[in-house]
Amino acid sequence: MKKIIITLDGFSSCGKSTLAKQLARKLNYVFIDSGAMYRAITLYFMRNHINWNNNDEVQVALKDINLDFDYNDLTGSSDMLLNDENVELLIRDMLVSEHVSEVAANQYVREFGVAQQQKLGTRKGIVMDGRDIGTTVFPNAELKIFVTADPAVRVERRFKEMFEKNPQITIEEVKDNLEMRDYLDSNREFSPLKKAEDAIVLDNSNLTREEQLNIALEWANQKMVG
Ligand code: DC
């Protein structure tokens, strides 16, 4: 069976990373969470008071950022390292979520992210999730999946996930954040979120995790033997 690149793109909180992790585990592939990279850059900018609307500041700051992944045996996936510091938990914080879409819209941040992601894909055998993976990062990927789910289902799922970490959070806050990120991610000038023409749509609103995994595995198997 040949090794392929699998891309999963879609709106926030539609289950992309869950599916990407499951697929990678089943196929013995490497899972790469490209959103974690934009989140880590956002954390760096916030900590260092970098104005992400000022391109000169952004370009200088990016020179001091080193991103890496470190496999975590306990979770079975990779943690994000920002200049050798494990920031996996910090980058999931609401404060980072509030700004990440603005930071990810910056042209230089995008060039930086895309270049790093392409380097990670040179060996094939990877599953990468994000917004522009099938359109910009790996336009020649063998299997492209565009994941969607009903907005109300996405808010509910995200709320449950966030509530476990922060019981103060309200469903309205989660809904507002998702709507804002969907809008910014889809309407930015540089590589906006959109379905690649050759991507297959997977609507998981009414699917269990196992059902969606089986569908995706079937598609992957067809590409790996083909
Ligand atoms: O997948 P996520 O929610 O962790 O991603 C965080 C943000 O990063 C998301 O709001 C948009 C941005 N992002 C992006 O612009 N391009 C990607 N390939 C992945 C994420």
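First listed ligand is number 1; within each ligand, the first listed atom is number 1. The model shown is predicted, which means the values in this text are computed figures rather than measured ones.
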With a 6.0 Å cut-off (strictly less than), is the heavy-atom count around CG of Asp84, excluding the residue itself, greater than 12? no

Over 12 non-hydrogen atoms of neighbours within 6.0 angstrom of CG in Asn28: no

To the nearest 0.5 angstrom, please state how far the CD1 atom of Ile145 sits from the CG atom of Asp129. 11.0 Å

Would you mind checking if Glu179 and Lys175 are paired as a salt bridge, meaning a charged N to carboxylate O distance below 4.0 Å? yes

Quick test of your reading of the model: are Asp33 and Arg92 salt-bridged, counting only N-O distances below 4.0 Å? yes

For a quick check: using heavy atoms under 4.0 Å, what are the residues in contact with ligand 1, sorted by chain and number? Ser34, Gly35, Tyr38, Arg39, Val100, Ser101, Ala104, Arg110, Gly130, Arg131, Asp132, Ile133, Arg181, Asp185, Arg188

Using the six-membered ring wherever Trp is involved, compare the ring planes of Trp52 and His99 and label them parallel, tilted or perpendicular (cut-offs 30° and 60°). tilted

